[in-house]
Amino acid sequence: MEPRPPEIPNSEALSFLRIITGSFARPAGENPTVAMVEAAYQHHSINACYINCEVAPDALADAVRGARAMGWAGFNCSIPHKVAVVPMLDSLARSASIIGAVNCVVVRDGALVGENTDGQGFIRAMHGQRDPSGQDVVVLGAGGAARAIAIELALAGATCITVVNRDQGRGSELARLISNSTSAESRFVVWDKTYRVRASTTVLVNATPVGLFPDVAAMPDVELDTLKPGMLVADVIPNPPRTRLLAAAEERGCITLDGLGMLVEQGVLGIAMWTGVNTDPRVMRRALVDALKI
Ligand code: NDP
């Protein structure tokens with residue numbers, strides 16, 4: 001019998017094979033996620049990379065097939081792919097299925113599972129300040145971010161969610177979705193004049209792009225005198241983190257939550273699902289602040 005060659009220990013051989021993760025979006029160039037995720041990989045010595053890919057809508061199916069073929073651990077999907085990617089996946093997590101959009105795909109035993117971490121990232125950031133359970137929430141906007149945040153807040157036990165939006169169709173559809181899919185009460189208010197926040201409100205979330213760089217002087221059309229001390233006022237805008245709305249809310253004694261926290265916590269969630277490692281949000285926030293020069 002021929003002597004067998006000595007086996008190369010598996011761990012040595014595998015050390016040259018990195019875990020591959022990344023993002024499919026268009027445009028991709030202005031998305032700072034790669035900076036924060038790579039910083040976390042480096043800080044925690046995770047042998048992984050994050051590849052930020054510009055993917056056109058008609059190339060998404062090929063990109064997804066490529067990721068599956070190459071054994072990627074998972075990827076983020078951003079604009080304009082969050083809805084289009086859904087039929088390309090094997091299954092959806094509960095909230096992603098209600099929201100109808102996916103921004104994070106995890107490969108589990110070869111199957112592609114769609115998650116939505118937009119709202120989950122918000123909830124994790126919010127937990128630092130307040131438990132979502134029992135809150136009376138107003139969400140400004142009814143687009144992708146508003147939908148994800150409202151559904152996650154409802155699933156996390158918020159009692160009442162008021163959707164305030166200019167477009168009636170989009171706003172009332174979100175309020176209906178919340179009422180039909182969760183145990184929270186929901187109603188829609190059309191945003192056709194300066195919005196006055198009801199006194200019973202405990203959490204106000206700006207989920208519109210108003211205030212995003214470069215239009216940093218813009219402010220959602222809300223009656224500032226209706227913001228009360230102790231109310232939690234959150235903004236999804238990551239750049240600049242201190243929006244005019246948050247500055248005004250702080251002046252009125254509100255507790256504030258910026259959009260960077262939500263972005264960082266989405267990164268923490270994605271990395272945990274892809275690699276099993278719980279990363280340090282402080283390292284990731286610092287990397288984002290450096291990358292965005294804010
Ligand atoms: P969408 O385009 O899906 O939705 C935008 C919403 O904002 C719509 O409801 C729209 O109202 C409303 N809106 C837009 N402009 C105005 C305005 N001038 N006044 C009042 N309402 C307005 O966008 P997304 O939900 O995907 O994104 C919204 C913001 O959230 C972006 O700035 C994005 O950067 C941020 N974001 C932040 C994340 C984070 O991690 N921090 C994650 C995801 C998004 P209407 O329906 O009437 O047109």
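Bear in mind the structure is a predicted one, so any value in this text is a computation, not a measurement. Hydrogens, waters and symmetry mates play no part in the numbers below; they use all other heavy atoms, side chains included. In listed order, ligands and their atoms are each counted from 1.
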Q | Closest approach of any protein heavy atom to atom 28 (C) of ligand 1, naming residue and atom | A | A207 O, 3.8 Å
Q. Protein heavy atoms: any of them under 4.0 Å from atom 48 (O) of ligand 1?
A. yes
Q.
Any nitrogen or oxygen of D167 lying under 3.5 Å from a nitrogen or oxygen in ligand 1? Just yes or no.
A. yes
Q) Just by distance, do the side chain of W274 and the backbone of V105 share a donor-acceptor pair under 3.5 Å? A) yes
Q.
Has W72 got a side-chain atom pairing as donor or acceptor with V107's backbone, closer than 3.5 angstrom?
A. no
Q.
What I want to find out is whether R124 reaches E152 closely enough, with some N-O distance under 4.0 Å, to be called a salt bridge.
A. no
Q. Purely on distance, is any nitrogen or oxygen of G259 under 3.5 Å from one on ligand 1?
A. yes
Q.
Has D62 got a side-chain atom pairing as donor or acceptor with R65's backbone, closer than 3.5 angstrom?
A. no
Q) From atom 33 (C) of ligand 1, is the closest protein heavy-atom distance below 4.0 Å? A) no
Q.
Quick test of your reading of the structure: of A148, P209, A101, whose heavy atom lies closest to atom 31 (C) of ligand 1?
A. P209
(Q) Under 4.0 Å, heavy-atom basis, I'd like to know which part of L212 is in contact with ligand 1: side chain, backbone, both or neither. (A) side chain
Q: Taking atom types as modelled, find out whether T33 and N31 have a side-chain donor-acceptor pair closer than 3.5 angstrom.
A: yes
(Q) For G259, is there any backbone N or O sitting under 3.5 Å from a side-chain donor or acceptor partner on D235? (A) no
Q: Using modelled atom types only, decide if a donor and an acceptor are shared between the side chain of N116 and the backbone of A101 within a distance under 3.5 Å.
A: yes
Q) Where the closest heavy atom to atom 41 (N) of ligand 1 is concerned, which of L174, V164, D258, V236 has it? A) V236
Q: Could you tell me whether R170 and ligand 1 have an N or O pair separated by under 3.5 Å?
A: yes
Q: Using distance alone, determine whether W191 and ligand 1 share an N or O pair under 3.5 Å.
A: no
Q. For G121, is the nearest heavy atom under 4.0 Å from an atom of ligand 1?
A. no
Q. Between V210 and ligand 1, which part of the residue brings a heavy atom under 4.0 Å of the ligand: side chain, backbone, both or neither?
A. side chain
**Q.** Residues D136 and T202: side-chain donor-acceptor under 3.5 angstrom
**A.** no
Q | A125, A145, G119: member with heavy atom nearest to atom 24 (P) of ligand 1 | A | A145
Q: Specify the protein heavy atom at minimum distance from atom 6 (C) of ligand 1: its residue, its atom name, and the distance to 0.1 Å.
A: G143 N, 4.0 Å
Q. What part of R166, side chain from CB on, backbone N/CA/C/O, both or neither, has a heavy atom under 4.0 Å from ligand 1?
A. both
Q. Side chain, backbone, both or neither: which part of I237 comes within less than 4.0 Å of ligand 1 when only heavy atoms are counted?
A. side chain
Q.
Give me the nearest non-hydrogen protein atom to atom 43 (C) of ligand 1 as residue plus atom name, then the distance to 0.1 Å.
A. D118 OD1, 3.7 Å
Q. Tell me: protein heavy atom nearest atom 38 (C) of ligand 1, and distance?
A. M262 CE, 3.8 Å
Q: Quick one: look up the protein heavy atom nearest atom 23 (O) of ligand 1 and list residue, atom name and how far away it is.
A: G144 N, 4.5 Å
Q. Does a salt bridge link E223 with R252, judged by any charged N lying under 4.0 Å from a carboxylate O?
A. no
Q | Flag, side chain of R187 to backbone of A175, donor-acceptor distance under 3.5 Å | A | no
Q. Considering residues, nucleotides and ligands other than E250, do more than 12 of their heavy atoms fall under 6.0 Å from its CD?
A. yes
Q: Have a look at ligand 1 and work out which part of Q266, if any, has a heavy atom under 4.0 Å from it: side chain, backbone, both or neither.
A: side chain
Q. If you count the atoms of ligand 1 from 1 in the order shown, which ones are under 4.0 Å from a heavy atom of A142?
A. 9 (O)
Q.
Please work out, at 4.0 Å between heavy atoms, whether the side chain, the backbone, both, or neither of L263 comes within that distance of ligand 1.
A. both
Q) Got a donor-acceptor contact below 3.5 angstrom from the N52 side chain to the A28 backbone? A) yes
Q) Q266 and N103: side-chain donor and acceptor closer than 3.5 Å? A) yes
**Q.** V138 backbone acceptor or donor facing T162 side chain under 3.5 Å
**A.** no
(Q) Give me the nearest non-hydrogen protein atom to atom 11 (O) of ligand 1 as residue plus atom name, then the distance to 0.1 Å. (A) N165 OD1, 3.1 Å
Q. If you measure every N/O of G141 against every N/O of ligand 1, is any gap under 3.5 Å?
A. no
